[in-house]
Amino acid sequence: KILKRNSIRVSNVSKIFGLTALAAFKQGNYYTAQLYTSKAGHFLENILVTKVEEFQNFLWSDDGFLYYYVSALLAERQEQYEEALACYDSAETHMKRSSGSMFFNYVHFAVDKAKLLQKLGRKEEAIEIWKEAREYFSQKGNFLRVRMFEDLIANGKWEQPPMPMLMTS
């Protein structure tokens, strides 16, 4: 298939909007997060209405993940929990289609979705998400994340071990 220049431009712009929305949300700037999520949605509107199973182009999987992930975070913040869960499910579908960025996205996704499930009293489902994440990171050899998810499974919290700062000359 031939990629058209506009297709690539749309993907890059929507990805930038999604990353900006995520960064804004994590910094507590919820208005900006909502604004950039909306902008990303406008760029992706023709893609988001297509069923994932019918859409064979993986070019927009990162964009779809970011859009649905930030949408889930925003819905949860507004106490729209069912909407948040639906967005988390869509985000997960897109995340798993994009194996390159999944390594970086999975940890945040798993922690945030599990946090919502715990809030809703669904602790067993939260633990299952953590177990799946632990298995994924074990296969990838990221033992810091394996340890993190083991701690979350065991006692529901994780404290990052201190990292000594070494000065080099």
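Linking Ile, Leu, Val, Met, Phe, Trp and Tyr whenever their side-chain heavy atoms come within less than 4.5 Å puts Phe104 and Val111 in one cluster.
Summarising the geometry, atom CZ belonging to Phe25 is positioned 9.5 Å from atom OG1 belonging to Thr37; distances are rounded to the nearest 0.5 Å. Here the CG atom belonging to Asp89 is positioned 11.5 Å from the NE2 atom belonging to His94, to the nearest 0.5 angstrom. One distance of note links CG of Leu117 with CH2 of Trp130; it measures 9.5 Å at 0.5 Å rounding. Taken to the nearest 0.5 Å, the CG atom of Asn105 stands 7.5 Å off from the OG atom of Ser98. To the nearest 0.5 Å, atom NZ of residue Lys113 and atom CD of residue Gln118 are 13.5 Å apart. Expressed to the nearest 0.5 Å, how far CD1 of Ile129 lies from CG of Leu152 amounts to 11.5 Å.
In this structure, Phe65 and Tyr69 have parallel ring planes: the angle between them is below the 30° cut-off, well short of the 60° mark.
Of all non-hydrogen atoms in Lys15 and Asp62, the two that sit nearest each other are CE-CB, 3.6 Å. Closest non-hydrogen pair, Ala33 versus Ala24, comes out as N-CB, 3.7 Å. Annotation for Ala126 and Ala114: closest pair CB-O, 3.5 Å, computed over non-hydrogen atoms. When every heavy atom of Ala91 is checked against every heavy atom of Tyr68, the shortest pair comes out as N-CB, 3.6 Å. The minimum heavy-atom distance linking Leu66 with Leu22 is given by the pair CD2-CD2, 4.1 Å. Considering every non-hydrogen atom in both Leu44 and Ser14, the closest pair reads CD2-OG, 3.5 Å.
Counting only heavy atoms from C-beta outward, the side chains of Phe109 and Val107 never approach each other to under 4.5 Å.
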Review item, side-chain donor-acceptor pairs of residues 135-145, under 3.5 Å, at least two apart:
from: Glu135; atom 1: OE2; to: Gln139; atom 2: NE2; distance (Å): 3.0
from: Tyr136; atom 1: OH; to: Phe103; atom 2: N; distance (Å): 3.3
from: Asn142; atom 1: OD1; to: Arg145; atom 2: N; distance (Å): 3.2

Hey, can you pull the donor-acceptor pairs under 3.5 Å for the side chains in residues 76-87, sequence neighbours left out?
from: Glu76; atom 1: OE1; to: Tyr88; atom 2: OH; distance (Å): 3.3
from: Glu76; atom 1: OE2; to: Lys119; atom 2: NZ; distance (Å): 3.3

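In this model, no donor atom of one side chain and acceptor atom of the other lie less than 3.5 Å apart for Ser90 and Thr93.
A salt bridge does not link Arg134 with Asp151: every distance from a Lys NZ or Arg NE/NH1/NH2 to an Asp or Glu carboxylate oxygen is 4.0 Å or more.
The number of heavy-atom neighbours closer than 6.0 Å to NZ of Lys123, taken from other residues, nucleotides and ligands shown, is 12 or below.
The salt bridge (charged side-chain N to carboxylate O under 4.0 Å, His left out) search around Lys96 returns Glu92, not counting sequence neighbours.
Panel note: side chain Ser38, backbone Gln34; no donor-acceptor pair is recorded below 3.5 Å.
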